[in-house]
Amino acid sequence: MYRILLLNIKIFILLTLTLLTFNTANAQQSVARQWNDELLHAIRNDFARPTVHARNLFHTSIALYDSWAIYTPQSETFFLGKTVGGYSCSLVPIDLPGNVQESQEKAMSYAAYRLLRHRFQNSPGANTSLAEFDALMDELGYDKDFTSVDYLSGDPAAMGNYLAGCLINFGFQ
């Protein structure tokens, strides 16, 4: 009886540690992963529109990548400062900020947030999706009402907003 109780306690402890490790790993997901998860959830709440959602996945990937690459000297952007499909997204070179990772995450979040809010505003699941986008911005500590696109000010949020605007306009052509 004592052995069975001891075995049950060991199993309980092992399961508890496993679950805690799993939750900790999920809490440490990259900003890109968090926004991709939000996008996939919004797609699940929308109509089945494969070509539309393929474009949403592609444009969100561009937003996240370029927001990262613009602050990484050895990387080249895909869309910012380039002409893609006949659409030009101009870019004046910027100085690197002191905290590169923080700037990348902020620009990535604003770019994804603005793009996804635009793309899913008329979705059947809009109330849920838009609320979840807002919640992630709140969780990350960013001001959802910041809409400046003046990235020359040095604010990564403005860079994200600018990039999202370019991608939204690109999608209209």
My understanding is that only residues two or more places apart in sequence, or in another chain, count here; which of them pass salt bridge (charged side-chain N to carboxylate O under 4.0 Å, His left out) with Arg44? none
Applying ring-ring contact (aromatic ring centres under 6.0 Å, His included), can you list everything that pairs with Phe172, at least two apart in sequence or on another chain? His118
Starting at OG of Ser129, measure out to CD of Gln121 and round the result to the nearest 0.5 Å. 12.0 Å
Which pairs pass salt bridge (Lys or Arg N to Asp or Glu O under 4.0 Å) with one or both residues in residues 140-150, sequence neighbours excluded? Asp138-Lys144
Just wondering, do Ile168 and His59 contact through their side chains at under 4.5 Å, heavy atoms? no
At what distance, to the nearest 0.5 angstrom, does NE2 of His53 lie from CZ of Phe47? 9.5 Å
Do Leu57 and Leu40 come close enough that some side-chain heavy atom pair is under 4.5 Å? yes
CD-CE distance between Gln101 and Met108, expressed to the nearest 0.5 angstrom: 9.5 Å
Linking I/L/V/M/F/W/Y whenever their side-chain heavy atoms sit closer than 4.5 Å, directly or via other members, would Val52 and Phe58 fall into one cluster? no
Report yes if the side chains of Leu116 and Trp35 come closer than 4.5 Å at any heavy-atom pair, otherwise no. yes
Run through Asp66, Thr83, Leu80 and flag the one making a side chain to side chain contact (heavy atoms under 4.5 Å, CB included) with Cys89. Leu80
Enter the distance from Asn161:CG to Tyr151:OH here, rounded to the nearest 0.5 Å. 13.0 Å
Could you check if a side-chain atom of Arg119 sits within less than 4.5 angstrom of a side-chain atom of Thr60, using non-hydrogen atoms only? no
Rounding to 0.5 Å, atoms CD1 (Ile70) and OG1 (Thr77) come to a distance of 5.5 Å
Ser75 side chain near Tyr65 side chain, heavy-atom distance below 4.5 Å: yes
Tyr142 ring center within less than 6.0 Å of Tyr113 ring center: no
Can you name the closest pair of heavy atoms from Val84 and Phe170 and give their distance? O-CE1, 3.2 Å
For residues Ala42 and Phe133, report the shortest heavy-atom separation together with the two atoms involved. CB-CZ, 3.8 Å
Qualifying salt bridge (Lys or Arg N to Asp or Glu O under 4.0 Å) pairs with a residue from residues 71-91, counting only residues at least two apart or across chains: Glu76-Lys82
CG of Asn56 to CG of Leu167: how many Å apart, nearest 0.5 Å? 11.0 Å
Among residues at least two apart in sequence or on other chains, which ones pass salt bridge (charged side-chain N to carboxylate O under 4.0 Å, His left out) with Glu102? none
Cluster overlap Leu91 with Tyr87, hydrophobic side-chain contacts below 4.5 Å: yes
What salt bridge (Lys or Arg N to Asp or Glu O under 4.0 Å) pairs are there with at least one residue in residues 154-173, not counting sequence neighbours? Lys106-Asp155
Classify the side-chain pair Gln34/Glu38 by whether it contains a donor and acceptor separated by less than 3.5 Å. no
Check the orientation of Tyr110 and Phe146. Use parallel for under 30°, tilted for 30 to 60°, and perpendicular for over 60°. perpendicular
Candidate pair Met159 and Ser67, rule side chain to side chain contact (heavy atoms under 4.5 Å, CB included), full reasoning: CA-CA 8 Å; Met159 176 61 78; Ser67 297; 5.8 Å; no
